[in-house]
2 protein chains.
Amino acid sequence: MDAFDRKILLCLQENAAEPLEAIAARVGLSASPCWRRIQKLEAQGVIQRRVALLDPDRMRVGVTVFVSVRTNRHTADWAERFCAAVVTIPEVVEFYRMSGETDYLLRIVVPDIAAYDRVYKRLIQSVDLYDVSSAFAMERIKYTTALPVTYAE
Amino acid sequence: MDAFDRKILLCLQENAAEPLEAIAARVGLSASPCWRRIQKLEAQGVIQRRVALLDPDRMRVGVTVFVSVRTNRHTADWAERFCAAVVTIPEVVEFYRMSGETDYLLRIVVPDIAAYDRVYKRLIQSVDLYDVSSAFAMERIKYTTALPVTYAE
DNA sequence: CACTCTCGCGCAATCGGCTTGCGCGAATTT
DNA sequence: AAATTCGCGCAAGCCGATTGCGCGAGAGTG
C-alpha cells in the first residue's frame with residue numbers, strides 16, 4: 001500500500017459516488033490504474049463494501065443513547081444468548097464487549113425517550129442483567145465512518 | 001415515504017454498489033421508478049452520501065477505545081476550543097456531548113495501546129481536562145451504519 | 001556497463017448500466 | 001361519470017466503467 005492507495009481510500013471513504021475520473025484526477029493518476037487499484041483493494045478486503053448513509057433526523061432516530069451493561073452471569077451460554085438477542089435489535093447500531101467496569105456497551109438510536117424505553121424493556125426481558133445504565137447524547141459533534149489511513153502497511 | 005422507499009433504503013444501507021436493476025427487483029419495482037425514488041431521497045437529504053467502509057484490521061486500527069471526558073471549565077470558549085481540537089484528530093471517529101456524569105464521549109480507533117497513548121497526550125495538551133477515563137473494547141460484536149427504517153414518516 | 005525482464009502507467013475502444021422521454025393505467029377528485 | 005393527477009413500465013440514448021495493448025521506468029543479472 002503506497003501513497004496512491006491511501007489517497008484513493010481517503011476519497012472513497014468520503015464519497016464513494018464520485019466518478020472514477022474525478023478520483024483519478026484527485027490522486028494524480030489516470031482512470032485505468034486508479035480503477036485497477038480499487039479492484040485490488042476490494043479483492044484484498046481492505047474495502048469491505050459501499051453503503052449509503054442516511055440522515056438520522058429525517059429517519060426520526062435523532063436520539064442517541066449509550067447503554068452500559070453489567071452482568072453477574074459470566075458463562076459462555078449467557079453471553080451467547082445475550083448477544084444473539086441484541087444483534088437482532090435494529091435500534092442497536094453498535095455493540096462492544098468491554099474491559100473494565102462495564103461488560104458491554106451499546107449505542108442505540110431512537111426517535112425519543114419513550115421509544116428508548118421500549119428498546120430497554122426488550123433488552124432486559126431477553127436475559128437477566130445485573131446493571132444497566134443509560135447515557136443520552138446531547139449533541140453529535142463528530143461522526144465519521146472514515147478510518148485513518150496513516151497506519152496501513 | 002412508503003414501503004417501497006423503506007425497502008430501497010434498507011438495500012442501499014446494506015450495499016450501495018448493487019446494480020439498480022437488482023435493487024429494483026428486490027423491492028418489486030422496475031428500474032426507472034426505483035431510480036427516480038432514489039433521486040428524490042437524495043434530493044430530500046434522506047440519503048446523505050455514499051461511502052466505502054474499510055476493514056479496521058487491514059487498516060491497522062483494530063483497537064477501539066471509548067474515552068469519557070469531564071471538564072470543570074463550563075464556558076462556551078472552552079467548549080469551542082476543545083471541539084475544534086478533537087474533530088481534527090483522525091483517530092477520533094465519534095464524538096458526542098453527553099448528559100450525566102461524563103461531559104463528552106469519544107470513540108477512538110488505533111493500532112495498539114502505544115498509539116492510543118499518543119492520541120491521549122495530544123488530547124490533554126490541547127486544553128486542560130478535569131477527568132479522562134478510557135475503556136477498551138475487547139470485541140466488536142455489532143457495528144452497522146444502517147439506521148432503522150421503521151420510524152421514518 | 002549494457003541487456004533483459006518485470007511491473008505498472010496511459011491511451012483508446014468497447015461494453016454495460018444509468019438516465020430520460022413517453023404512453024398507459026389506477027386512484028382520487030369534481 | 002368524467003376529468004385530472006400521479007406514478008409505473010418500456011425502450012432508446014448516452015455516459016462512464018471496463019479491458020486490451022503498447023510503452024517506459026526501474027530492478028536484477030551477465
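In the text below, chain A, chain B and the rest are named by the order of the sequence lines, each starting its count at 1.
The minimum heavy-atom distance linking B:Thr144 with A:Val92 is given by the pair CG2-O, 4.3 Å. Considering every non-hydrogen atom in both A:Ala52 and B:Ala16, the closest pair reads N-CB, 3.7 Å.
Summarising the geometry, the separation between CD on B:Gln39 and P on C:dG17 is reported as 18 Å, rounded to the nearest angstrom. B:Glu21 has its CD atom 13 Å from the P atom of C:dT19, to the nearest Å. For the pair A:Ile38 CD1 and D:dT19 C1', the computed distance is 15 Å after rounding to whole Å. Atom CG of B:Leu20 and atom P of D:dG16 are 17 Å apart (whole Å). To the nearest angstrom, P of D:dG7 lies 13 Å from CG of B:Leu41. Atom-to-atom, CH2 of A:Trp35 to C1' of D:dG20 comes out at 12 Å; the value is rounded to the nearest Å.
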Contact pattern, 5' to 3', of nucleotides 7-15 of chain C - B, S or - by protein heavy atom under 4.0 Å: --SBB----
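Taking the side chain to side chain contact (heavy atoms under 4.5 Å, CB included) definition, one finds that B:Phe136 meets it with A:Ser99, B:Val63, B:Val65, B:Ile113, B:Tyr116, B:Ser134, B:Met138, sequence neighbours left out. Take A:Arg49 and apply the salt bridge (charged side-chain N to carboxylate O under 4.0 Å, His left out) test, not counting sequence neighbours, and it matches B:Glu14. In this structure, B:Arg122 has no salt bridge (charged side-chain N to carboxylate O under 4.0 Å, His left out) partners at least two apart in sequence or on a different chain.
Helix bend of the helix from C:dC1-D:dG30 to C:dT30-D:dA1: the angle between its two end axes, each built from five pairs, comes to 30° after rounding to 10°.
Ion pairing between a basic and an acidic side chain is recognised when a charged N comes within 4.0 Å of a carboxylate O; A:Asp2 and A:Arg37 show such pairing.
The aromatic rings of B:Phe95 and B:Tyr104 are tilted relative to each other, their planes meeting at an angle between 30° and 60°.
Within the structure, every pair that satisfies the salt bridge (Lys or Arg N to Asp or Glu O under 4.0 Å) test and touches residues 17-27 of chain B, not counting sequence neighbours, is listed here: B:Glu18-B:Arg26.
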